[in-house]
Amino acid sequence: MKNREIASMFYEMADVLEMQGVDWKPNAFRKAARSIEGLSAPIEQVYAKGGVKALMEIPGIGQALSSKIEEFLKTGKMREFDKLVKSIPAGVEEMMHVPSLGPKKVMVLYKKLRIKSLAELESAAKAGKLNKLAGFGAKSEQHILRGLGILKQGAGRSLLGVALPLAREFAERLSQVPGVKKAEPAGSLRRMNESVGDIDILVISSKPEKVMDFFTNMPEVQSVLAKGPTKSTVILKDGIQSDVRVLDEKSFGAALQYFTGSKDHNIILRQIAIKKGCKLSEYGLFKKDRYVCGRNEKEVYAKLGLPYIEPELRENQGEIEAALKHKLPKIIPYDAISGDLHMHTKWSDGLHTIEQMARAAEKMGYKYIAITDHSKSQHIAHGMEEKRLVQYLKEIDKVQDKVKIRILKGSEVEVLADGSLDYSDKILKQLDIVLAAVHSGFKAPRLQTTKRILKALSNPHVNILVHPTGRLINQRDPLDFDFDKVASFAAKQGIALEIDSYPARLDLKDALARRAVELGCKLSIDTDSHAVDHLRFMELGIAQARRGWVETKDVINAWPLAKLEKFLCR
DNA sequence: GCCGTTTTCGGCCCGACTGTTTTCAGTCG
């Protein structure tokens with residue numbers, strides 16, 4: 001999949017162009033890069049199917065960029081990229097990523113002081129050489145040193161599963177500050193992006209200064225990047241950036257809308273506003289400087305002629321067009337799940353007993369669960385030999401007698417290198433539910449992996465392909481296989497694909513979940529819990545489904561038990 | 001470079017905070 005590679009080339013080209021003082025082009029390159037990142041299909045596949053013409057259908061990609069992509073796909077090179085990147089030393093472009101430095105300042109440092117690497121920048125700042133430059137002072141030097149620190153710390157993006165509880169806690173604490181009426185997380189976190197770059201919190205308060213003081217003095221804060229009367233930015237001790245913004249009640253909806261984004265979604269909304277002779281900002285919708293609305297999001301959308309759009313859909317992936325036609329999907333609600341079909345216990349690598357898991361699930365209001373411990377080849381995870389599997393099935397029966405919810409007897413069965421399964425059909429037949437999982441061969445070539453998975457899905461006992469791509473966010477690339485082929489085959493076979501809700505997995509991811517449903521697949525949203533505490537991850541998986549336009553009818557574990565059982569009896 | 005129910009040319013979202021400014025440019029989201 002070349003999507004990421006091409007996107008990052010465009011980002012890099014945008015940086016260089018910006019440093020050269022070129023106007024607008026950088027925006028165009030970045031927009032195209034974002035668009036390519038959001039693509040559900042591999043871009044080489046798009047090109048193979050429809051050539052340059054298909055590339056130009058991608059929003060933000062026109063004549064020039066499509067031919068650059070074509071050149072790269074054909075030759076593995078992009079001359080324009082090489083030319084641009086060579087025009088500026090690699091370290092200079094890297095300096096753009098230091099917080100507090102942008103294209104203008106970087107160019108001044110390069111041109112006046114010949115600074116062309118992060119190391120040179122650090123020693124120059126420490127030696128006090130920068131404050132002699134026009135536009136730089138002692139403070140700028142400090143900010144650069146701090147920025148270098150932040151960069152070294154690797155303040156990358158954090159997993160939604162980590163940031164979300166933190167954000168909720170901050171919001172809760174901020175709402176206790178005197179004068180505060182409401183505090184709510186916004187930003188990509190509210191859109192439930194799989195990973196987030198920062199934590200944005202919006203506050204309504206009659207005493208903004210109290211909020212600013214409280215926020216910048218929280219014990220989690222490592223350093224304060226900015227502190228104004230209504231807006232502050234801090235870096236937390238674990239490297240996550242957090243912003244708080246205080247607004248008036250009559251702006252809250254507009255602000256929530258604005259700070260929830262995404263950027264591209266907002267740009268289109270503002271264009272719609274302009275066409276209606278209005279102006280949309282975080283303060284509200286205005287007509288000739290006269291306030292129209294802004295108290296809540298719904299009225300902002302309504303005045304723009306749109307139905308309310310759920311935050312998870314606001315990615316400029318067709319939701320505005322769908323909204324205009326009143327054809328938005330009825331995405332699955334957070335309370336729609338009836339049971340969790342993927343969890344582990346002490347029988348393999350889980351922390352709790354079958355009974356503990358069942359009782360915890362019962363407490364959550366589920367109607368059914370599946371216990372799905374590892375098969376024999378997963379030695380590290382204490383996968384079960386056939387003999388122990390029999391014991392395990394008996395134990396499930398015992399627990400079933402003690403609890404009210406239905407417990408399906410299952411296993412997460414290894415897909416071996418040749419695509420065969422880890423248990424014989426005779427064993428698989430005894431299970432209520434069979435999950436097929438690939439845990440190896442991540443470097444295998446595309447054709448081989450596609451064949452391997454297709455063979456596994458040919459087994460008549462398989463019900464769900466779990467964590468289908470095997471990716472770990474920011475840690476491990478997905479398996480390389482023909483997704484459309486696999487999903488179409490699964491659909492035909494009556495096999496569901498999983499959205500694994502484990503924070504580092506979220507696999508299928510949003511775009512692939514959407515694609516899977518388009519291809520006729522059913523989905524199963526599960527937690528892959530290894531402890532009672534993990535059952536709460538379900539929310540994250542549902543969020544990815546919502547981001548993927550998934551409706552309740554397409555999710556097998558949102559169905560009543562009888563309908564699910566019918567599906568499982570292939 | 002992209003894009004078009006006001007445009008195939010001339011637009012391209014909008015505002016807060018900071019520092020070094022004597023009124024604003026740069027950076028950020």
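Below, each value reflects all heavy atoms present in this structure, side chains not excepted, and no hydrogens, waters or symmetry copies.
Residue contacts for A:Ala14: at a heavy-atom cut-off of 4.0 Å it reaches no nucleic acid atom on any strand shown. Nucleic acid contact class of A:Gln241 (heavy atoms, under 4.0 Å, all strands): sugar-phosphate only. Heavy atoms of A:Leu269 sit nowhere under 4.0 angstrom from any nucleic acid atom. As judged by a 4.0 angstrom heavy-atom cut-off over every strand, A:Ser232 is placed among residues making no nucleic acid contact. As judged by a 4.0 angstrom heavy-atom cut-off over every strand, A:Ser100 is placed among residues touching the sugar-phosphate backbone only. Base contact: A:Tyr258 has a heavy atom under 4.0 Å from a base atom. Residue contacts for A:Pro26: at a heavy-atom cut-off of 4.0 Å it reaches no nucleic acid atom on any strand shown.
Both tests do not hold together for A:Lys116 against A:Tyr110: distance to the six-membered ring centre under 6.0 Å, angle to the ring axis within 45°. Cation-pi geometry between A:Lys105 and A:Phe136 is satisfied (NZ or CZ under 6.0 Å from the ring centre, within 45° of the ring normal).
The nearest whole Å value for the distance from the CZ atom in A:Arg30 to the P atom in B:dT27 is 12 Å. In this structure, the CG atom of A:Asp264 is 13 Å from the C1' atom of B:dC2, given to the nearest Å. Separating the NZ atom of A:Lys25 from the P atom of B:dG1 is a distance of 3 Å, rounded to the nearest angstrom. Spacing between atom CD1 of A:Ile201 and atom C1' of B:dG29 amounts to 15 Å, rounded to whole angstrom units. Distance A:Leu225 CG to B:dC17 P: 14 Å, rounded to the nearest Å. A straight line from NZ of A:Lys279 to C1' of B:dC12 spans 17 Å, rounded to a whole angstrom. Here the P atom of nucleotide B:dG15 and the CG atom of A:Asp200 are 18 Å apart, to the nearest Å. Summarising the geometry, the separation between CG on A:Asp23 and C1' on B:dG10 is reported as 14 Å, rounded to the nearest angstrom.
Taking every side-chain heavy atom of A:Lys275 into account, B:dT6 is the closest of B:dG1, B:dT6, B:dA16. Comparing B:dG19, B:dC17, B:dG29 by their nearest atom to the side chain of A:Ala226 picks out B:dC17. With distances taken from any side-chain atom of A:Ser140 to the nucleotides B:dG19, B:dC2, B:dC17, the minimum falls on B:dG19. With B:dG29, B:dC17, B:dT27 as the choices, the nucleotide that has an atom nearest any side-chain atom of A:Asp243 turns out to be B:dG29. Of the candidate nucleotides B:dG29, B:dT20, B:dG1, B:dT20 has the atom nearest to the side chain of A:Lys139. Here B:dC13 is the nucleotide among B:dC13, B:dG15, B:dG26 with the atom lying nearest to any side-chain atom of A:Lys263.
For B:dG29, neither phosphate oxygen OP1 nor OP2 lies less than 4.0 angstrom from any side-chain nitrogen or oxygen of A:Thr233. Proximity of A:Gln271 to the phosphate of B:dG11: no side-chain N or O atom is located under 4.0 Å from OP1 or OP2. Remark: A:Lys227 is not in phosphate contact with B:dT18, judged by side-chain N or O atoms under 4.0 Å from OP1 or OP2. Put simply, A:His143 has a side-chain N or O that comes within less than 4.0 Å of OP1 or OP2 on B:dG19.
Comment: A:Asp200 does not engage A:Arg245 in a salt bridge, judged by the lack of any side-chain N to carboxylate O separation of less than 4.0 angstrom. Salt bridge A:Glu169/A:Arg173: present, at least one basic N to carboxylate O contact under 4.0 Å.
If you take CZ on A:Arg471 and CZ on A:Arg505, they are separated by 10.5 Å, rounding to the nearest 0.5 Å.
With C1' as the reference atom, B:dT20 and B:dC24 are 10 Å apart, rounded to whole Å. Taking the C1' atoms as reference points, B:dT8 lies 12 Å from B:dC2, given to the whole Å. As rounded to the nearest Å, B:dC13 and B:dG4 have P atoms that lie 14 Å from one another. Here the separation of B:dA16 from B:dG11, taken at their C1' atoms, is 25 Å to the nearest Å. Using atom P as the reference point in both B:dT22 and B:dG26, the two lie 13 Å apart (nearest Å). Taking atom P on both B:dT7 and B:dC12, the two are 16 Å apart, rounded to the nearest angstrom.
Under the Watson-Crick or G-U wobble criterion, with both distances below 3.5 Å, B:dT8 is left unpaired in every strand shown.
Shortest non-hydrogen contact noted between A:Thr527 and A:Ser501 is CA-CB, 4.0 Å.
Nearer to the 5' terminus of DNA chain B, by closest-nucleotide assignment, is the contact made by A:Met56 (compared with the other of A:Met56 and A:Asn27). Projected onto DNA chain B by closest heavy-atom contact, A:Ala138 and A:Arg270 fall at different nucleotides, the more 5' of which corresponds to A:Arg270.
Ring-centre distance between A:Phe537 and A:Tyr502: below the 6.0 Å cut-off.
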Working note: A:Arg446 + A:Glu44, criterion salt bridge (charged side-chain N to carboxylate O under 4.0 Å, His left out); need CA distance, chi angles, decisive distance, verdict. CA-CA 13 Å; A:Arg446 186 178 178 87; A:Glu44 56 268 37; 5.4 Å; no

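We find that the ring of A:Phe136 and the base of B:dT20 do not stack by the test of centres under 5.5 angstrom and planes tilted less than 30°.
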